[in-house]
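Below, all heavy atoms of this structure are taken into account, side chains as well, without hydrogens, waters or symmetry copies. We number each residue from 1, following the sequence as shown.
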Amino acid sequence: MTIGALVLAGAFASALAQAAEPKPLPLKASVGEIVKESKASDWRPLDLENTLYMDLPGGRVVIELAPPFAPNHAANIKALAREHYFDGLVILRSQDNFVVQWGDPDEKNPRPTKDAKMKLKAEFTAPIKNDRHFTRLKDVDGYAPQVGHSNGFPVGRDPKKGETWLAHCYAMVGVGRDNEADSGGGTALYVVTGQAPRHLDRNITVVGRVVSGMPLLSSMPRGPAPMGFYDKPEMQVPITAFRVAADVPASERSNFEVMRTDSATYQKVVEAQRNRGGPWNVVAAGHVDLCNAPIPVREQGNAQK
């Protein structure tokens, strides 16, 4: 090959390399920056009557219930809390990339309830008319005809069937059951700690989500027995107290508020996740998964009234 040909070949290779190099994406506001610039009207406080505190030796887990989607189970879980059913019971299971579960480890002689029920009719879905706060995501979902958010919860819905349901995203709380659909009532609860198991949607009653304290649960040691159960009592983590926030003195409450998912600011949050800007990102996804759309939560300095 002649010198001229070599020069041309080198120039051509250099041009190809430059053409293949991705162009930097334009700068865009991040989720954190959008949250920082949000207004007070973009946020709502937790409803104390539908907020639960699960106190563990390592700290507090705050759970928000969603009565429009599972009204009977939400009421029953509050009844269990008010009769101190969970106090002294344990975290009994931590399955890798799946769930952490709590309740009574003694299946043969379970702790009896007082006014609360052990079993309820399943509430896998709810009538769409129950949900007055749905804001749809434009993104396609493989598990539901429509997905979006309702008052801070990820949901799926099927307009043709007139049904809606809470989705099995990270931090969502569900009701454990046996093979029979109506065999759960809230005495056994679990939280999703791994990749969203959306195949469970409409197969288990979902009652709410953890808004604070997920690090306490997701870092639980994995259980060595099948399905992540702890096979020795000393591995179980005791539940110090399990209470409805409204029953807790104001000085002892955890004060959180959730970004309104029907607000314009939240739509900016979703778009920032859907199409992230540069300079680190070189490809904009143009899509956001329901379970990857962050729902901001923040703590306030003063106790709720």
Engineer: So, is the end of the R298 side chain (NZ or CZ) under 6.0 Å from the ring centre of W43 and within 45° of the ring's axis?
Structural biologist: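 Relative to the ring axis of W43, which defines the angle, R298 lies inside both limits.
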Engineer: If every non-hydrogen atom of W165 is compared with every non-hydrogen atom of T125, which pair is closest and at what distance?
Structural biologist: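 Smallest interatomic distance, heavy atoms only, reads CE3-CG2, 4.1 Å.
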Engineer: Any salt bridge between E49 and R82, counting N to O under 4.0 Å?
Structural biologist: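 Result for this pair is yes, salt bridge flagged.
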Engineer: If you take all heavy atoms of L65 and A74, which pair is closest and at what distance?
Structural biologist: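 Smallest heavy-atom distance, with atoms named: CD1-O, 3.9 Å.
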Engineer: Can you check side chain to side chain donor-acceptor pair (under 3.5 Å) on D178 and S183, steps first, answer last?
Structural biologist: CA-CA 6 Å; D178 294 325; S183 57; 4.5 Å; no
Engineer: side-chain contact (heavy atoms from CB on, under 4.5 Å) between I239 and Y85: does it pass, once the steps are laid out?
Structural biologist: CA-CA 10 Å; I239 298 172; Y85 175 84; over 6 Å; no
Engineer: Between R260 and N151, is any side-chain donor less than 3.5 angstrom from a side-chain acceptor?
Structural biologist: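 Side chains of R260 and N151: no pair found under 3.5 Å.
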Engineer: Counting only heavy atoms from other residues, nucleotides and ligands, does the tally under 6.0 Å from CD of Q195 exceed 12?
Structural biologist: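 Open.
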Engineer: For the residue pair P159 and I128, what are the closest heavy atoms and their distance?
Structural biologist: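 Scanning both residues, the minimum pair turns out to be CA-CD1, 3.8 Å.
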Engineer: Is there a path of hydrophobic side-chain contacts, each under 4.5 Å between heavy atoms of I, L, V, M, F, W or Y residues, that connects I204 with V100?
Structural biologist: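 The answer is no; the residues belong to distinct hydrophobic clusters.
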Engineer: Looking at every heavy atom in both V270 and A293, which two are closest together, and how far apart are they?
Structural biologist: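 Looking at all heavy atoms of both residues, the closest pair is CG2-CB, 4.5 Å.
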Engineer: Taking the six-membered ring of F124, is the NZ or CZ of R202 close enough (under 6.0 Å from the centre) and on axis enough (within 45°)?
Structural biologist: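 No cation-pi geometry.
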Engineer: Any luck finding a side-chain donor-acceptor pair between R60 and S212 under 3.5 Å?
Structural biologist: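 Looking only at side-chain atoms, S212 and R60 do not form any donor-acceptor pair under 3.5 Å.
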Engineer: Looking at L25 and A284, what are the two nearest heavy atoms and their distance?
Structural biologist: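 Looking at all heavy atoms of both residues, the shortest contact is CD1-N, 3.8 Å.
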Engineer: Can a donor-acceptor pair be found, under 3.5 Å and without considering hydrogens, that links the side chain of D42 to the backbone of K39?
Structural biologist: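 Yes, D42 side chain to K39 backbone: donor-acceptor pair under 3.5 Å.
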Engineer: Can the positive tip of R93 be found less than 6.0 Å from the middle of the six-membered ring of Y230, inside 45° of the ring normal?
Structural biologist: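 Cation-pi check for R93 and Y230: fails.
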Engineer: Compute the ring centroids of F134 and H149, then answer whether they are less than 6.0 Å apart.
Structural biologist: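 No, too far apart.
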Engineer: Look at the side-chain heavy atoms of Ile, Leu, Val, Met, Phe, Trp and Tyr, link any pair under 4.5 Å apart, and say whether F153 and V173 land in one connected group.
Structural biologist: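 Each belongs to a different hydrophobic cluster.
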Engineer: Relative to the ring of H168, is the ring of Y190 parallel (under 30°), tilted (30 to 60°) or perpendicular (over 60°)?
Structural biologist: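 Y190 vs H168 ring planes: parallel.
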Engineer: M235 and P224: which non-hydrogen atoms are nearest, and at how many Å?
Structural biologist: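 Shortest heavy-atom contact: CE-CD, 3.5 Å.
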Engineer: For the pair H199 and F98, name the ring-plane relationship: parallel under 30°, tilted 30 to 60°, perpendicular over 60°.
Structural biologist: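 Ring orientation, 0 to 90° scale: parallel.
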Engineer: For D55 and T240, which I'm curious about, is there any donor-acceptor pair between the side chains at under 3.5 Å?
Structural biologist: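 Per modelled atom types, D55 and T240 side chains form no pair under 3.5 Å.
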Engineer: Would you say T135 and D262 are linked by a side-chain donor-acceptor pair, where the criterion is simply a distance under 3.5 Å?
Structural biologist: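 Judged by distance alone, the side chains do not pair up.
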Engineer: Using distance alone, with no hydrogens and no angle criterion, decide if D47 and N50 have a side-chain donor and acceptor under 3.5 Å apart.
Structural biologist: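 Side chains of D47 and N50: pair found under 3.5 Å.
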